[in-house]
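Note that this is a predicted model, so its numbers are computed, not measured. So that the names make sense, note that chain A is the first sequence line, chain B the second, and so on, each numbered from 1. As a basis for the values below, the full set of heavy atoms in this structure was taken, side chains included, without hydrogen atoms, waters or symmetry mates.
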Amino acid sequence: MDASFDKKYQPKETEEKIYHDWEISGFFSPENTRKDNNGKAFTAVMAPPNITGNLHMGHALENALVDVIVRKKRMEGFRVLWVPGTDHAGIATQNVVEKKLAKENIKRKDLGRSLFVNKVWEWKEQYGNIILGQFKKLGISVDWTRSRFTLDENYKEAVKTAFDHYQKLGWIYQGQRLVNWCPRCSTALSDLEVEYSEEEGNLWYIKYSLKDSDNYVVVATTRPETMLGDTAVAVNPSDKRYKKLIGKTLVLPIIGREIPLIADKIIDKDFGTGAVKVTPAHSLIDFEIAERHSLSSVKIINEFGRMTEEVGKDFKDLKTIEAREKVLEQLKKENLLEKIEKHTHSVSHCYRCNAYIEPLTSSQWFLKMNKLAPLAIKAVRDGKIRFYPKRWEKPYFNWLENIRDWCISRQIWWGHELPIKNSEDVLDTWFSSALWPFAILGWPQKCKSIANDKKCLTPQDDLGEFYPTDLVTSAPEILYLWITRMIFSGIEFMGKEPFKNVYIHPVVLTKDGRRMSKSLGTGIDPLDLIEKYGADATRFGLLWLTGTNQSIRFNEDSVVMGQKFCNKIWNATRFILLNNPPQIDADFEKKLVQTDLDEDDKAIIDQLKNTIKSVSLYVEKFRFNKATETLYNFFWHDFCDTYIEKSKDKVFNPPSEEIKIKTQSILLYVLFDSIKLLHPFIPFITEQIYQALPIKNKEKFIMIEKWPTV
RNA sequence: GGGCACUUAGCUCAGUUGGUUAGAGCGUCUGGUUUACAUCCAGAAGGUCAUAGGUUCGAAUCCUAUAGUGCCCACCA
């Protein structure tokens, strides 16, 4: 027995070394693993973490469970490929570096574009790979030799090729459109990058007088300052109160502009007064109304969140909030403010910096969705791509069926430059992430033949071998941002869906059901758990909680349970090895047929076979809680509490030497199969035990052992 | 406004297609253990399965409604 077999299992002493041994062994790469499953490939797509990030609970859960699948597949003889990498995360990274520079009193604009981008690269070199090192602590079996970054040189070519392709098809256009604008980041954002929060504000009722009349119409608004940009007032065509007035002219207060009273059925009769001011340059609904009625548009707020010269010198350059005060003051003076009501409404924020979004018209680049969205819809409808759990299909379809064109330009400096001339803009980060499943495999370089429109006709090497991939796993929050876009991109450029299965894993919440967030102080750092309990216990704890619900409340008890379970496995191994069992063959089970088995032996072998069947099935169905529970009950109760206890007499006071040897052999054999089954879940301890077992013809590592079958 | 999920023991949760006394871990209580493990073993207490109806021989499980919790999408002029 190995002297290192202490009474207590000490994960800290060994995990790092084991991981290092795996990594240098080359077995994380598909070309080095066993090839006894007809050389079939199995590919998993990692969601590349942001280079600004730190490992959080969501990463830990997601990668732990993909690792379970991937390790099992590898043991089953698939050529497994799981490519790691990082995402340049345009806005997020730019903000982080800006903040860092601010501490040194350096402003981005003072540096200028190229110096700033250099600073970001420096930052990336220094901190950008920290998160991947944290991923290693979890024990995930990814192929580091193929690691990618969404802004590396080959990736730039992929992005350029994709953009050119879309442009050639006429699917990319530049347009003066209403976009979500973040004044703090000074960039446009896509609809998905806007978050909403309920806030209490006011509803101001303002009188707009009819031209050449003492009569007036009252409109209600939450943003009185935008009235300076009104070009119409709209009512519902069926609204009796206003029917006679439709088509008449109103005079915009303060400005004096003559604007029409129009009818549009989008207007809700029951809100406010039923009459709505129309500000096409600063509201999406108004923008659409203006398009339908050919209204003019007056841009009164600029990209810095200040009033433009369109509003006259009294208001020019004021911040919107200052303009609001001044507008209200003047309206009061002219007795045009009818009343003020308290009003709760949802306000849009930038998802990166939380600043208020200022909707405004701006010249941006868009990718048409009318051809691409249907591709993604069809792939799932036809069953080419399956969602687990299936309920995610509904929101997926719903989103794609109501999609707007994708605003792909961003007015920041860190990102893929727009491959066209005369633009300072960069592309939305997600434009590059959308290409991830095939870009990481070598597209477009590894297309031997490629059609004029840049479709890959004959993929070579990795692209030929590992595309389409088998599995992508993600949090629900990036279903639209990432999953949908990978699907239509993959079909468009490769002619095939990028993956067969999409597993949407639950969101990890705190024990009392709150969001885990660093800023709220509710986050639990998985690295602390790994430090305290070991990576195996942490993985076990998370997997134990991963059922079919859309969220899980994280409870440290389950990690403690994992820790105890590891200790139990450790000590069962100690017991078995302590009594110097005879060496057995790796395929010992074949001999069992000829062996004289007693009731206890038959029972444990039966239970083992059931466990093999169940665990295999549960992993295939993403039922990680059931898989871990099955293993836990089998090993702890069936094996330890029952079989091992009963074996003691047969080993210590054997009726015959034969029975002693048989019992010891079965103990060793069941342990051997158990740690193989447990390995995908708790890879470190099982590897360590494997190395100590007296088994003939072992592999070099348990990670390339054969997965038990019945 | 639309969609999804959840409500089971003090706490965190399991309960495949409806079928014997509803399970686990933690916590509590009782007892045990001279060599695998006190991070252990044996056992106990503790649940009107959110509420109200319905379907059924039979419902935690299926249906309807109600209440509460959480998430997502749309949007609030």
Side-chain angles (χ1 to χ4, degrees), chain A residues 1 5-9 191-192 196 198-199 201 203-204 219-224 226-227 230 233-234 264 266-268 270-279 282-286 289 343-348 389 391-399 402 404 475-477 479-480 504 506-507 509-515 533 537 541 544-579 614 617-618 621 623 625-626 628-630 632-633 636-637 640-642 644-645 647-648 652 667:
Chain A
M1 169 140 184
F5 267 72
D6 194 73
K7 268 185 158 187
K8 285 181 186 169
Y9 172 58
D191 294 339
L192 291 171
Y196 292 87
E198 290 282 308
E199 287 183 23
L203 198 53
W204 285 274
V219 300
T221 179
T222 56
R223 297 197 60 191
T226 61
M227 66 163 288
D230 287 359
V233 168
D264 193 292
I266 200 166
I267 305 300
D268 178 1
D270 299 327
F271 186 91
T273 60
V276 178
K277 56 193 274 320
V278 181
T279 321
H282 300 286
S283 152
L284 182 61
I285 293 287
D286 296 5
I289 293 173
H343 178 64
T344 304
H345 60 139
S346 70
V347 182
S348 51
R391 62 172 178 268
W392 288 105
E393 286 182 3
K394 207 166 170 176
Y396 171 85
F397 288 132
N398 184 50
W399 188 73
N402 296 294
R404 288 197 167 94
E477 64 177 9
L479 174 62
Y480 308 126
I504 304 290
V507 178
L509 303 174
T510 64
K511 194 181 171 182
D512 42 358
R514 292 194 297 160
R515 198 176 193 85
Y533 301 103
W544 177 266
L545 294 171
T546 304
T548 53
N549 285 354
Q550 60 186 22
S551 62
I552 55 183
R553 294 189 181 195
F554 179 76
N555 186 344
E556 198 163 318
D557 284 355
S558 66
V559 179
V560 172
M561 206 177 153
Q563 182 193 31
K564 288 167 126 180
F565 186 42
C566 287
N567 197 60
K568 188 74 181 176
I569 297 165
W570 187 254
N571 276 290
T573 306
R574 286 185 74 225
F575 170 77
I576 292 165
L577 297 189
L578 207 61
N579 299 297
S614 303
L617 193 66
Y618 285 137
K621 293 189 165 181
R623 301 294 296 269
N625 58 339
K626 298 298 291 182
T628 42
E629 188 193 346
T630 304
Y632 181 91
N633 285 333
W636 200 305
H637 301 302
C640 294
D641 292 347
T642 309
I644 289 182
E645 286 309 318
S647 78
K648 283 179 178 170
F652 295 133
L667 282 167

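Between A:Asn579 and B:U35 there is no side-chain polar atom (N or O) within less than 4.0 angstrom of OP1 or OP2. Applying the 4.0 Å criterion to OP1 and OP2 of B:G3, one finds that A:Trp399 has every side-chain N and O outside that range. Remark: A:His345 is not in phosphate contact with B:C75, judged by side-chain N or O atoms under 4.0 Å from OP1 or OP2.
To the nearest angstrom, P of B:A24 lies 13 Å from NZ of A:Lys626. If you take NE2 of A:His343 and C1' of B:C75, they are 11 Å apart, rounded to a whole angstrom. Taking atom CD of A:Glu556 as the reference point, atom C1' of B:C13 lies 16 Å away to the nearest angstrom. Residue A:Leu578 contributes atom CG, which lies 7 Å from atom P of B:A36 at whole-angstrom precision. The distance between atom CD of A:Glu477 and atom C1' of B:C73, rounded to the nearest whole Å, is 14 Å. One interatomic measurement links the two molecules: CD of A:Glu393 to C1' of B:C73, which rounds to 17 Å at whole-angstrom precision. One can place CD of A:Gln550 at 9 Å from P of B:C72, the figure rounded to the nearest angstrom. Remark: P of B:G70 and CD1 of A:Ile552 are 18 Å apart, rounded to the nearest angstrom.
At a threshold of 4.0 angstrom between heavy atoms, the contacts of A:Thr222 are confined to the sugar-phosphate backbone, with no base atom among them. Looking at heavy-atom distances under 4.0 Å, A:Ala220 makes contact with sugar-phosphate atoms alone, never a base. Within 4.0 Å of A:Leu479, counting heavy atoms only, lies no atom of the nucleic acid at all. Among the atoms of the strands shown, only primed sugar atoms or phosphate atoms (P, OP1, OP2) are found under 4.0 Å from some heavy atom of A:Asp641. Counting any heavy atom pair closer than 4.0 Å across all strands shown, A:Arg623 reaches sugar-phosphate atoms only and no base atom. Across all strands shown, A:Ile576 has no heavy atoms under 4.0 Å from either base or sugar-phosphate atoms. Residue A:Ser283 is classed as having no contact, given no heavy-atom separation below 4.0 Å to the nucleic acid. Within 4.0 Å (heavy atoms only), A:Cys640 reaches at least one base atom of the nucleic acid. Within 4.0 Å of A:Trp204, counting heavy atoms only, lies no atom of the nucleic acid at all.
Using P as the reference atom, B:U56 and B:C41 are 48 Å apart when rounded to the nearest Å. With both ends at atom C1', the span from B:A67 to B:U51 equals 7 Å, rounded to whole Å. Between B:A50 and B:G10, the distance separating the two P atoms is 13 Å to the nearest Å. The C1' atoms of B:U30 and B:G46 are separated by 15 Å, rounded to the nearest whole Å. B:U34 and B:A22 have their P atoms separated by 36 Å, with the value rounded to a whole Å. Of the C1' atoms belonging to B:G1 and B:G53, the separation is 28 Å, rounded to the nearest Å. Separation of the C1' atoms belonging to B:A59 and B:G68 is 23 Å when rounded to the nearest angstrom. The separation of B:C72 from B:A65, taken at their C1' atoms, amounts to 25 Å, rounded to a whole angstrom.
Two residues, A:Lys394 and A:Phe554, neighbour RNA chain B, and the one matched to the more 5' nucleotide by heavy-atom proximity is A:Lys394. Each of A:His637 and A:Leu509 was matched to the nucleotide of RNA chain B holding its nearest heavy atom; the match closer to the 5' end belongs to A:His637.
To the nearest 0.5 Å, atoms CG (A:Leu667) and NZ (A:Lys648) are separated by 11.0 Å.
Considering only the side chain of A:Asn567, B:C37 comes nearest among B:C37, B:C13, B:A36. Across B:U12, B:C75, B:A5, the shortest atom-to-atom separation from the side chain of A:Asn555 is found for B:U12. The side chain of A:Ile267 lies closest to B:A77 when the candidates are B:U12, B:A36, B:A77. Out of B:A24, B:A77, B:C41, the shortest distance to the side chain of A:Trp544 is found at B:A24. Of the candidates B:C40, B:A77, B:C72, the closest approach to any side-chain atom of A:Tyr480 belongs to B:C72. Which of B:C37, B:C75, B:U39 sits closest to the side chain of A:Asn571 comes down to B:C37.
Evaluation of the ring pair (Phe, Tyr, Trp, His ring centres under 6.0 Å) rule for A:Trp399 yields A:Tyr480 as partners, not counting sequence neighbours. Among residues two or more places apart in sequence or in another chain, the ring pair (Phe, Tyr, Trp, His ring centres under 6.0 Å) test is passed with A:Phe271 by A:His343. Annotation: ring pair (Phe, Tyr, Trp, His ring centres under 6.0 Å) contacts of A:Tyr632 (sequence neighbours excluded): A:Trp544, A:Phe565, A:Trp636. Shown here are the salt bridge (Lys or Arg N to Asp or Glu O under 4.0 Å) partners of A:Lys626, two or more places apart in sequence or in another chain: A:Glu629.
Side chain to side chain, A:Thr546 and A:Asn625 fail the donor-acceptor criterion of an N or O pair below 3.5 Å.
Under 3.5 Å, the side chain of A:Lys648 and the base of B:A36 form at least one donor-acceptor pair of N or O atoms. Contact of A:Glu645 with B:A36 (side chain to base): a donor-acceptor pair of N or O atoms is detected under 3.5 Å. The base of B:C37 lies close enough to the side chain of A:Lys568 for a donor and an acceptor atom to sit less than 3.5 Å apart.
Residue A:Arg391 comes nearest to A:Thr548 through the heavy atom pair NH2-O, 2.9 Å, listed as atom of the first residue, atom of the second, then distance.
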How does RNA chain B read in dot-bracket, base by base from 5' to 3', with Watson-Crick or G-U pairs under 3.5 Å and | used when the partner is on another strand?
(((((((..((((.....[...)))).((((((....).))))).....(((((..]....))))))))))))....
Could you run down the sub-3.5 Å N/O contacts of the protein with nucleotides 26-29 of chain B?
| residue | atom | partner | partner atom | Å |
| --- | --- | --- | --- | --- |
| B:C26 | OP1 | A:Lys564 | NZ | 2.8 |
| B:C26 | O2' | A:Asp557 | OD2 | 3.4 |

